[in-house]
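FYI, side chains are in, hydrogens and waters are out, and symmetry mates aren't considered; it's all heavy atoms of this structure.
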Amino acid sequence: MEGTVFAPALEGMKSVRSPEGEMLTKPFLEVCKQILPVIEKFGAAMTLVKSDVGGNITRLETKYLSNPAEFNLLYSLVRVEVEAKTANASSSCTNGLLWLTRAMDFLLELFRNLLEHQDWTMSQACSDSYAKTLKQWHGWFASSSFSVAMKLAPDRKKFMDVIGGDGDIMGDIEKFCTNFSPLLQENHKFLASVGLDDMKAS
């Protein structure tokens, strides 16, 4: 494997914005897709996250493909639903973008923990990032399932070896966190501006 598992996502982030600085749907979803192989390397601990992320990417992508010209900009998917008053529906693209962003918040926090707390076990890093991100939005059932799953986290050293390939894994994690974080913050800001950043899990 050339470089680390983060290499494709880092490359993809260069084309996420339009020349006017707006977020483009397809490139943003492609970057999220590039993170799926990283999630896969966690094994059973991340089965829930992987299916959640994959499902939300598919939902947004299906809508985008129904009219690529109209939905070229990421937030156009949400604006259409806000106008039609369907944004709050559990199957909406708005909901998909919100939960995709939250899952990415969790992963970003997890990668930061691996970077900053090199003495932590993988379970510690996972549980801490969950508490800081997704937990507040999850009900009891989702929280319990997550806590059980975190106990299945892989051995940290083995995991880092697998995702590192022949590249500089710590350098790439740092670059990924630095470049991806502003995109997620922008999503939250936009969703908050249309009053949709505080939906909880059903």
Side-chain angles (χ1 to χ4, degrees), residues 1-13 28-62 95-181 183-184 187 201-202:
M1 179 171 70
E2 292 232 353
T4 71
V5 286
F6 288 99
L10 289 170
E11 190 54 42
M13 271 190 263
F28 176 76
L29 294 177
E30 286 299 324
V31 169
C32 294
K33 268 191 204 170
Q34 306 287 6
I35 301 306
L36 288 172
V38 186
I39 304 174
E40 261 165 26
K41 303 287 187 271
F42 277 94
M46 290 286 171
T47 308
L48 291 168
V49 177
K50 184 173 176 269
S51 67
D52 195 41
V53 168
N56 286 321
I57 291 174
T58 303
R59 183 189 305 185
L60 293 162
E61 200 169 42
T62 304
N95 206 16
L97 180 62
L98 177 62
W99 283 101
L100 178 59
T101 302
R102 285 175 178 171
M104 291 295 161
D105 284 339
F106 162 70
L107 291 167
L108 208 60
E109 198 57 49
L110 173 55
F111 299 143
R112 275 202 193 104
N113 279 343
L114 292 175
L115 208 55
E116 291 164 16
H117 302 281
Q118 304 206 7
D119 53 331
W120 283 13
T121 64
M122 190 61 95
S123 288
Q124 263 178 301
C126 288
S127 300
D128 179 79
S129 16
Y130 179 66
K132 285 183 188 155
T133 55
L134 285 170
K135 193 171 185 186
Q136 61 179 317
W137 306 112
H138 277 172
W140 178 84
F141 181 73
S143 264
S144 309
S145 310
F146 224 92
S147 303
V148 171
M150 291 301 111
K151 294 185 171 67
L152 304 170
D155 173 76
R156 180 183 172 131
K157 186 182 178 318
K158 279 188 197 145
F159 175 77
M160 296 306 269
D161 287 347
V162 169
I163 65 169
D166 57 8
D168 168 16
I169 187 60
M170 288 307 190
D172 274 8
I173 289 179
E174 192 165 0
K175 270 188 243 162
F176 179 76
C177 292
T178 304
N179 295 327
F180 201 47
S181 183
L183 302 179
L184 298 179
N187 283 354
S202 46

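Side-chain contact check for Phe28 versus Leu100: some heavy-atom pair is nearer than 4.5 Å. Glu11 has its side chain out of reach of Glu30: every pair of non-hydrogen atoms, C-beta onward, lies at least 4.5 Å apart. By the 4.5 Å heavy-atom criterion applied to side chains, Met104 and Thr101 are not counted as neighbours. For the pair Lys33/Pro8, no side-chain contact is recorded, criterion being any heavy-atom separation below 4.5 Å from C-beta on. Side chains of Phe42 and Met122 form a contact here, defined as non-hydrogen atoms less than 4.5 Å apart. In this structure, Met170 and Met160 have side chains that are in contact, with non-hydrogen atoms separated by less than 4.5 Å. Between Glu40 and Val5 the shortest side-chain heavy-atom distance does not fall below 4.5 Å.
How far CD of Glu109 is from OG of Ser181: 9.0 Å, rounded to the nearest 0.5 Å. The line from CD of Gln34 to CZ of Phe176 is 10.0 Å long, rounded to the nearest 0.5 Å. Taking NE2 from His117 and CZ from Arg156, the interatomic distance works out to 9.5 Å, rounded to the nearest 0.5 Å. Atoms OG1 and CG, from Thr47 and Asp52 in turn, are 12.0 Å apart once rounded to the nearest 0.5 Å. Separating the CD1 atom in Ile173 from the OG1 atom in Thr178 is a distance of 11.5 Å, to the nearest 0.5 Å. Summarising the geometry, atom CG belonging to Leu97 is positioned 4.5 Å from atom CG belonging to Asn187; distances are rounded to the nearest 0.5 Å.
Classified by interplanar angle (parallel below 30°, tilted 30° to 60°, perpendicular above 60°), the ring pair Phe146/Phe106 is perpendicular.
The shortest heavy-atom contact between Asp119 and Gln124 is O-OE1, 4.5 Å. Of all the heavy atoms in Val31 and Gly12, the pair that sits closest is CG2-C, 3.6 Å. Residue Leu114 comes nearest to Ala125 through the heavy atom pair CD2-CB, 4.1 Å, listed as atom of the first residue, atom of the second, then distance. The shortest non-hydrogen separation linking Leu48 to Ser145 is CD1-CB, 3.9 Å. For the residue pair Leu108 and Leu184, the shortest heavy atom distance occurs at CD2-CD1, 3.8 Å. In plain terms, the two heavy atoms of Ile39 and Leu107 that are nearest each other are CD1-CD1, 3.6 Å.
Shown here is Lys132, whose NZ atom has more than 12 heavy atoms of other residues, nucleotides or ligands within 6.0 Å.
Applying the side chain to side chain contact (heavy atoms under 4.5 Å, CB included) test between Ile169 and each of Thr4, Asp161, Val162 identifies Thr4 as the sole match.
Shown here are the salt bridge (Lys or Arg N to Asp or Glu O under 4.0 Å) partners of Lys175, two or more places apart in sequence or in another chain: Asp172. By the salt bridge (Lys or Arg N to Asp or Glu O under 4.0 Å) test, Glu116 pairs with no residue at all, sequence neighbours left out.
A centroid separation of 6.0 Å or more is found between the aromatic rings of Phe111 and Phe180.
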Next item on the list: Could you walk me through whether Leu110 and Met46 pass side-chain contact (heavy atoms from CB on, under 4.5 Å), step by step?
Entry: CA-CA 12 Å; Leu110 173 55; Met46 290 286 171; 3.6 Å; yes

